[in-house]
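Note sheet for the following structure.
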Amino acid sequence: MANGIVEEAATQAAKIRANGVTVLGVFGASGHLRALVRLPGGKIEEVSPGDRTRAGEVLGIDAEGVVLRHGGRTLRVDIAGG
């Protein structure tokens with residue numbers, strides 16, 4: 001069953017940045033969450049904490065989004081439309 005954040009986001013127009021990172025959704029059991037992200041350039045990947053992508057290292061995932069580290073900076077990206 002989807003949580004309220006996902007249900008609400010699913011009915012909203014998402015703001016997807018062409019050259020940015022967009023979190024399309026978060027799923028999985030609590031403590032083992034994964035996320036579906038759209039990377040710059042349009043590639044879509046499923047990620048877990050510890051994964052490295054073109055957008056950076058995935059530091060964490062919660063019900064509202066993803067935390068990335070890229071170039072020494074930490075960035076939080078919330079679910080699109082959430």
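- Cluster membership check: Val67 does not share its hydrophobic cluster with Val37, using side-chain heavy-atom separations under 4.5 Å among Ile, Leu, Val, Met, Phe, Trp and Tyr.
- Contact between Gly56 and Leu68 at its shortest, heavy atoms only, is O-CD2, 4.5 Å.
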Report, one line per pair, each donor and acceptor closer than 3.5 Å where one atom sits in a side chain of residues 71-79; sequence neighbours left out.
residue : atom : partner : partner atom : Å
Arg76   : NE   : Asp78   : OD1          : 2.9
Arg76   : NH1  : Asp62   : OD2          : 3.3
Arg76   : NH2  : Asp62   : OD1          : 2.9
Arg76   : NH2  : Asp62   : OD2          : 3.3
Arg76   : NH2  : Asp78   : OD1          : 3.3

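- From Leu24, atom CG reaches atom CG of Leu36 across 5.0 Å, with rounding to the nearest 0.5 Å.
- Within the structure, every pair that satisfies the side-chain hydrogen bond (donor to acceptor under 3.5 Å, both in side chains) test and touches residues 47-61, not counting sequence neighbours, is listed here: Glu57-Arg69.
- Minimum interatomic distance between Leu33 and Ala63 (heavy atoms only, all atoms of both residues): CD1-N, 4.0 Å.
- Residue pairs meeting the salt bridge (charged side-chain N to carboxylate O under 4.0 Å, His left out) criterion with at least one member in residues 20-35, sequence neighbours excluded: Arg34-Glu46.
- In this structure the side chain of Pro49 never reaches within 4.5 angstrom of the side chain of Leu59, judged on heavy atoms.
- The shortest heavy-atom contact between Ala35 and Ile61 is N-CD1, 3.8 Å.
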